[in-house]
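Just so it is clear, the model here is predicted, and its values are computed rather than measured. In what follows, every chain begins at residue 1, and chains take the letters A, B, ... in the order their sequences are listed. What's counted below: heavy atoms across the whole structure, side chains too, no hydrogens, waters or symmetry copies.
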Amino acid sequence: MPHDTTTPRSFQEIILRLQTYWASQGCAVLQPYDMEVGAGTFHPATTLRSLGSRPWAAAYVQPSRRPTDGRYGENPNRLQHYYQYQVIIKPSPANLQDLYLGSLAAIGIDLGLHDIRFVEDDWESPTLGAWGLGWEVWCDGMEVSQFTYFQQVGGHDCKPVSGELTYGLERLAMYVMGVDHVMDMPFNDPESPIPLTYGDIFRQTEEEYSRHNFDGATTEMLLRHFEDAEKECGRLLAFAPDDPKSGKRIVMAHPAYDQAIKASHIFNLLDARGVISVTERQAYIGRVRALAKQCADAFRLTEAGADL
Amino acid sequence: MPDLLIELFSEEIPARMQSRAREDLRKLVTDGLVEAGLTYASAGAFSTPRRLVLSIEGLTAESRAVREERKGPSTSAPAQAVEGFLRSTGLTLDQLERRADKKGETFYAVVEKPGRQAAGIVAEVLEATIRNFPWPKSMRWGSGSLRWVRPLQGILCLLSDETGAHVVPLTVDGITAGNTTEGHRFMGLGRFTVTGFDDYAVKLKRAKVVLDTAEREAAIWQGAQNLAFAAGMEVVPDAGLLSEVAGLVEWPVPLMGRIGEAFLGLPPEVLQTSMKEHQKFFSVRNPKTGRIEGFVTVANIEAPDGGEVILKGNQKVLAARLSDAKFFWENDLRVAKAGMGDWAEGLKSVTFQAKLGSQADRIDRIAALAREIAPLVGADADDAEKAARIAKLDLRSAMVGEFPELQGVMGRYYALEAGEKPEVADAARDHWRPKGESDTVPTEPVSVALALADKIDTLTGFWAIDEKPTGSKDPFALRRAALGVIRLVLGNGVRLRLVPPISRGIFEALSVMPSERAQETMKAYEVVAERLPEVLEADVPAFVENDRFSFRALGSASGSLLSFFHDRLKVFLKDEGIRHDIIDACLAMPGNDDLTLLVKRAEALAGVMKTEDGANLLQGFKRANNILTQAEQKDGVEYSFGADPKFAETDEERALFTALDTAEATITPAIQAEDFPEAMAAMAALRTPIDAFFTAVQVNSDNPVIRRNRLNLLHRIRAVCSGVADLTRIEG
């Protein structure tokens, strides 16, 4: 399929081209998950759907939050809120590397002119109880994507294996368009009647959230919310599968997983507030992982997560 | 004789795993072929990021037929025995041969294995190799169950002889072997067919793949040097980086760039580390300024613009990385110039080990110990303490947070900025050393004092909480720490008795532990401190046997750590050519916690035992000692006094008296002066009179007075020799 290989003119054009490309490769183009997450991997479309044997192919943008990375909008490429582009295909197709390289060409990277490299990078998420092998992909020495073959998620072996691609959108777009500071990057077409830069949209929120994450958020409340989410997760999973009202068998894996996501984000916020000591850190990560595992266990009992 | 070519084509293999994988492939396949009865002339393995290759020349076309014969039970043996033999051979009764021999008739199993074609054997061996390949980490992909380092995409397996090239029929987990492959990911021109290794290597090169790692390394190094030379610069050699980069590219294209002016003020170690760790760049030095001013990156593609875009991209990434480094450096300098107080404060809240308190607690312990050790190594005590107080502060710096491998190096820079003396700053850098067996030992006195204190503190701490190394497990690298102490002490000729700092260190570590055992042991320490001279002269574990339990806890921990040092020392000296029993003979002597003294004695003893006099003296000594020990056991007395020359009957006896007097007159002052060679020589000189004595004299005389006198004389031999070393421990 022919692609527009000119250099994109805006951040959103890169997103749109990726959407078109992966749609043309047969992925369901999903929308972002409506909760605060640290990375696209947390979207249930990746975490939960990588379990069980049902084939799956999805692509989506996921707004991601890393409270400790806030720099008040001043750092050229560090943000507490940024976008990831995520592709997940199960089973991983034999030509996944070629498909991926096609996506780079689709956003205007000339593969004959640039130096693209697959450099060893083993991926592990202690909070999700997940790991995989793959690479970070370099373009002219710059890391532009993570490429992972999932081996285990939530403590379960992935059979079949999912292939996961994660693009750090801001960094990739800045590189493709030759922009030095993220806030200067055109968000829409610079020749639009109302041209908007990334900074026009996000500079103020970066300031506000940086202050919130480091100094504003109430830690006592967060600690309480963490406990609540942890309890709620377990409570939802403790329900008997048979629902008396509908007469159906309903395991509440997704609502429980929402609580695991919530606990994970609250932990990140507490970390940014500096109230978690080195030794406590491990314990918190362990508690989130326990939730993620229980949700994975539950999802395996549902139709979407079963082995065919 | 056919040649065999195997290519295992996969997605990118991690660079660090390739050299081991080449060797494993060669060994597994050739071992398998040989075991199956084939032979070969030569085998060579190659790797690129996307392929593992094995080329075998002169393989035999088929394995030899083998005839195996096994003798079974007698034909008259019970049915059970015969059944057992049938089971183990897999034959039936009528397939067995009966042969007459002396005892009657015996069953024989004769199995004829016909020769097999190489292709069948190769297919079996290669499949087993792929399925059992010892990757350090492997994975599954897609819907398959095969494991490989990354998805395995193709197998090329060809046997070629004068009749042509033949694909070896083989399918592993859905991947069928063929005779085609592809070249460079971006510059190759599609799949191509190959007929053998030479054809393969030529076509690969045409498809922009250099197969041989050594050739890629040479091309990178030569290319990098040429680029640097043309700009009047030089590449900083880095063999590890060269081998890694060669494993990241199939077609190396070195490109050189300059580091931005704004970053040239960063310490060279920071530039080098940042460029190497993050970007895999070689550093380029300007010989005129001595500074790192450029870099060489190695691309995997020949771009039509000569690499301009690639270089620009890399330069941009480097600038972003170095901006971070510069930001860290400038922030760190502010803290350093203010005296590093923020970092010292910060270390109070960093846990060193849960049971051993914070890094700040640890620094207090090391500082006290460094003060104690300082005078013994010729360092100023205040300098040593100061160095201890600042040496760990860089752990809190942003730069070391980013690049842990720069700890120490940064510590020195920051200490200088904080206005510390050069020798104190150097100690911050060097107290981590020796980092491994190949690392050199610091020699500057303040560095030596601090390096010793740091390592002894680590050892005593983990001994106090009973986290000793066991078997192959040594998570806190305590063996390396002990070897570090040994090398520091011996390398600098340091006279340090280890027991006082050991027992004190264990006590200090226990004092931060609120447990009952710790409290008990602390009380015990006071006793140890009071009675230290006594402890020093005794074997520590034996000494504490007689004391109360709490004392034993500290004593046995100290004794166990001292034994650990002795064990490490034996390993170390064994490598230097000194036998373990020689060391044991010296360990039994007082002052065995002074390693320098111990080794001096051991070296002298090893030297004298190599001489004829020494070896014979040992026999004479053992004879004297055995006779004496037996007599003492039999008579229930100790013959330790009163040998008198006036009861001597023979000249040989009188001569021995004189010789012992002479020897004693030399040995006592020599030992005092630690002149062990002199003492050993005097001891060895006793060989002739002792031999003569035993030849001429019967010790167990009928005359009880004479017998007693002779036994007392033997005791003098034992006493004189025992002042030098415990010869009973020497083997032979």
Distance, nearest 0.5 Å, that separates [atom1] of [X] from [atom2] of [Y]:
X: A:Lys159; Y: B:Ser143; atom1: NZ; atom2: OG; result: 12.0 Å
X: A:Met142; Y: B:Asn314; atom1: CE; atom2: CG; result: 10.5 Å
X: A:Leu111; Y: B:Arg185; atom1: CG; atom2: CZ; result: 10.0 Å
X: B:Lys137; Y: A:Leu133; atom1: NZ; atom2: CG; result: 6.0 Å
X: A:Gln151; Y: B:Arg140; atom1: CD; atom2: CZ; result: 5.5 Å

Is there a side-chain contact between [X] and [Y] in this structure, where contact means two heavy atoms from C-beta onward sitting under 4.5 Å apart?
X: A:Leu101; Y: B:Phe186; value: yes
X: A:Trp135; Y: B:Arg150; value: yes
X: A:Gln97; Y: B:Glu12; value: yes

Problem set entry | Among the listed options B:Thr297, B:Leu318, B:Asn300, the residue most often paired with chain A at heavy-atom distances under 4.5 Å |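 Most heavy-atom pairs within the cutoff with chain A belong to B:Asn300.
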Exercise. B:Ala15, B:Pro14, B:Ala303, B:Pro49: which one forms the most heavy-atom pairs within less than 4.5 Å of chain A?
Worked result: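 Max contact count across the listed options: B:Pro14.
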Exercise. Looking at residues at least two apart in the chain, or sitting in another chain, which of them share a side chain to side chain contact (heavy atoms under 4.5 Å, CB included) with B:Ala299?
Worked result: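 Testing B:Ala299 for side chain to side chain contact (heavy atoms under 4.5 Å, CB included), a comparison that skips the adjacent residues, returns A:Asp115, B:Val253, B:Leu255, B:Ile310.
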Problem set entry | B:Phe327: side chain to side chain contact (heavy atoms under 4.5 Å, CB included) partners, not counting sequence neighbours |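 Testing B:Phe327 for side chain to side chain contact (heavy atoms under 4.5 Å, CB included), a comparison that skips the adjacent residues, returns B:Asn331.
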Problem set entry | Choice from A:Gly134, A:Pro91, A:Gly163 maximising heavy atom contacts with chain B below 4.5 Å |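 It is A:Gly134.
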Exercise. Is there a side-chain contact (heavy atoms from CB on, under 4.5 Å) between B:Val249 and A:Arg117 once you walk through the steps?
Worked result: CA-CA 8 Å; B:Val249 293; A:Arg117 227 79 77 65; 3.5 Å; yes
Heavy-atom cut-off 4.5 Å, strictly under: side chain, backbone, both or neither for [X] against chain B?
X: A:Tyr175; value: side chain
X: A:Arg78; value: side chain
X: A:Ile116; value: both
X: A:Asp110; value: neither

Within 6.0 angstrom of [X] [atom1], more than 12 heavy atoms from elsewhere:
X: B:Leu189; atom1: CG; answer: no
X: B:Glu308; atom1: CD; answer: no
X: B:Arg20; atom1: CZ; answer: no

Under a 4.5 Å heavy-atom cut-off, does chain A meet the side chain of [X], its backbone, both or neither?
X: B:Ser138; answer: backbone
X: B:Met17; answer: side chain
X: B:Glu11; answer: both

Which heavy atom in [X] sits nearest to a heavy atom in [Y], and how many Å separate them?
X: B:Gly142; Y: A:Ser92; answer: N-OG, 2.8 Å
X: B:His278; Y: A:Trp138; answer: O-CH2, 3.4 Å
X: B:Gln153; Y: A:Ala94; answer: NE2-O, 3.3 Å

Exercise. Is the shortest side-chain N to carboxylate O distance from B:Lys316 to A:Asp140 below 4.0 Å?
Worked result: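 No.
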